[in-house]
Amino acid sequence: MTTMFDISRPLVTGVPTWPGDTPFSYEVSWTKEQSGSVNVGKLTMSIHTGTHIDAPFHFDNEGRKVMELDLELYIGLARVIEISGKSSIGAEELKAFELDGITRLLIRTNSWTNPNEFPTEITYLRDDAGTYLAEKGIRLIGVDVPSVDPLDSKELAAHHTLHANDIHILEGIDLAKIAPGDYELIALPLPLVEADGSPVRAILRPLT
Ligand SMILES: Nc1ccccc1C(=O)C[C@H](N)C(=O)O
Ligand SMILES: [Zn+2]
Ligand SMILES: [Zn+2]
């Protein structure tokens with residue numbers, strides 16, 4: 001019996017990053033031979049690599065940092081819906097789904113087709129998605145792509161509208177094997193006091 005689905009993208013040398021962003025690197029900087037007792041690893045990465053959350057400070061200098069976010073939102077009942085083959089998603093597409101009573105919504109767009117390369121085009125959220133989801137009571141949105149906005153967007157309309165409606169953002173989850181339905185989500189950020197986001201280990205557990 002499957003007790004959990006790992007929806008995190010593996011963090012490994014060569015993992016795709018935003019063009020021009022810091023490459024991911026893990027190295028043993030102090031070997032067992034050198035230290036006499038242990039291997040000690042060193043990690044270098046952009047926070048917006050693989051599966052991660054954005055804190056509002058990422059796109060708003062006055063915005064909250066990771067430690068100020070509400071941890072409760074990253075654990076609990078989440079609904080997975082699938083909306084494939086669209087260039088963008090807004091209120092119109094979302095209206096087709098029953099979202100009453102749902103706090104966390106994960107959207108499987110299937111638009112990041114080759115996980116070994118950074119995508120050139122993704123399904124993004126239109127401006128009216130944030131207002132519609134807020135009306136429905138959604139507080140966390142998760143997507144299977146690196147951004148909720150178009151990849152070349154500078155205005156980041158979806159990020160700002162979601163934030164204005166107090167909807168937290170989870171990006172880069174891997175939903176390729178996840179059937180639509182309800183699950184328990186766990187995707188906790190690290191206690192990075194100053195940070196604009198955090199990598200997360202995201203899992204879904206079937207409801208019992
Ligand atoms: N890391 C970057 C490097 C360059 C340009 C954009 C980004 C982003 O992270 C944007 C996106 N809004 C994101 O939250 O993932
Ligand atoms: Zn991000
Ligand atoms: Zn983002």
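Every number for a ligand or one of its atoms is a count from 1 in the order of the listing. Note that the coordinates shown come from a computational prediction; the quantities given were computed from them, not determined experimentally. Computation of the quantities below employed the complete heavy-atom set of this structure, encompassing side-chain atoms and omitting hydrogens, waters and symmetry-equivalent molecules.
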Student: Does Glu68 have more than 12 heavy atoms from other residues, nucleotides or ligands lying within 6.0 Å of its CD?
Tutor: yes

Student: Among Leu192, Leu188, Val193, find the one that has a side chain to side chain contact (heavy atoms under 4.5 Å, CB included) with Leu190.
Tutor: Leu192

Student: Which atoms of ligand 1 sit under 4.0 Å from any heavy atom of His52?
Tutor: 15 (O)

Student: Working to the nearest 0.5 Å, report the span between CG of Leu106 and CD1 of Ile173.
Tutor: 4.5 Å

Student: So which heavy atom in the protein is nearest atom 7 (C) of ligand 1, and how far is it from that ligand atom?
Tutor: Trp18 CD2, 3.5 Å

Student: Just jot down the ligand 1 atoms closer than 4.0 angstrom to any heavy atom of Asp54, in number order.
Tutor: 14 (O)

Student: Between Asp149 and the Zn ion (ligand 3), is there a contact where an N/O/S atom of the residue lies under 2.8 Å from the metal?
Tutor: no

Student: Classify the ring geometry of Tyr74 against His168: parallel below 30°, tilted from 30° to 60°, perpendicular beyond 60°.
Tutor: perpendicular

Student: Report the atom name of the nearest N/O/S atom of His48 relative to the Zn ion (ligand 2).
Tutor: ND1

Student: Using modelled atom types only, decide if a donor and an acceptor are shared between the side chain of Asp54 and the backbone of Gly197 within a distance under 3.5 Å.
Tutor: no

Student: Of His160, His163, His52, His48, which is the lone residue that meets ring-ring contact (aromatic ring centres under 6.0 Å, His included) with His58?
Tutor: His48

Student: Would you indicate whether Gln34, at its atom CD, is surrounded by more than 12 heavy atoms from other residues, nucleotides or ligands within a distance under 6.0 Å?
Tutor: yes

Student: Using a strict 4.0 Å cut-off to heavy atoms of His58, name the atoms of ligand 1 that fall inside it.
Tutor: 8 (C), 9 (O), 10 (C), 11 (C), 12 (N), 13 (C), 14 (O)

Student: Which residue from Ala55, Ser147, Pro146 reaches closest to atom 15 (O) of ligand 1 through any of its heavy atoms?
Tutor: Pro146

Student: If you round to 10 degrees, what value do you get for the angle at the Zn ion (ligand 3) between Glu171 atom OE1 and Asp54 atom OD2?
Tutor: 90°

Student: Specify which N/O/S atom of His52 comes nearest to the Zn ion (ligand 2), by atom name.
Tutor: NE2

Student: Pull out every atom of ligand 1 sitting under 4.0 Å from any heavy atom of Asp21, numbered as shown with elements.
Tutor: 1 (N), 2 (C), 3 (C)

Student: Using a distance threshold of 2.8 Å, state whether an N, O or S atom of His58 lies below it from the Zn ion (ligand 2).
Tutor: no

Student: Is it possible for you to say whether Leu175 and Val145 belong to one hydrophobic cluster, with membership spreading through side-chain heavy-atom contacts below 4.5 Å?
Tutor: no

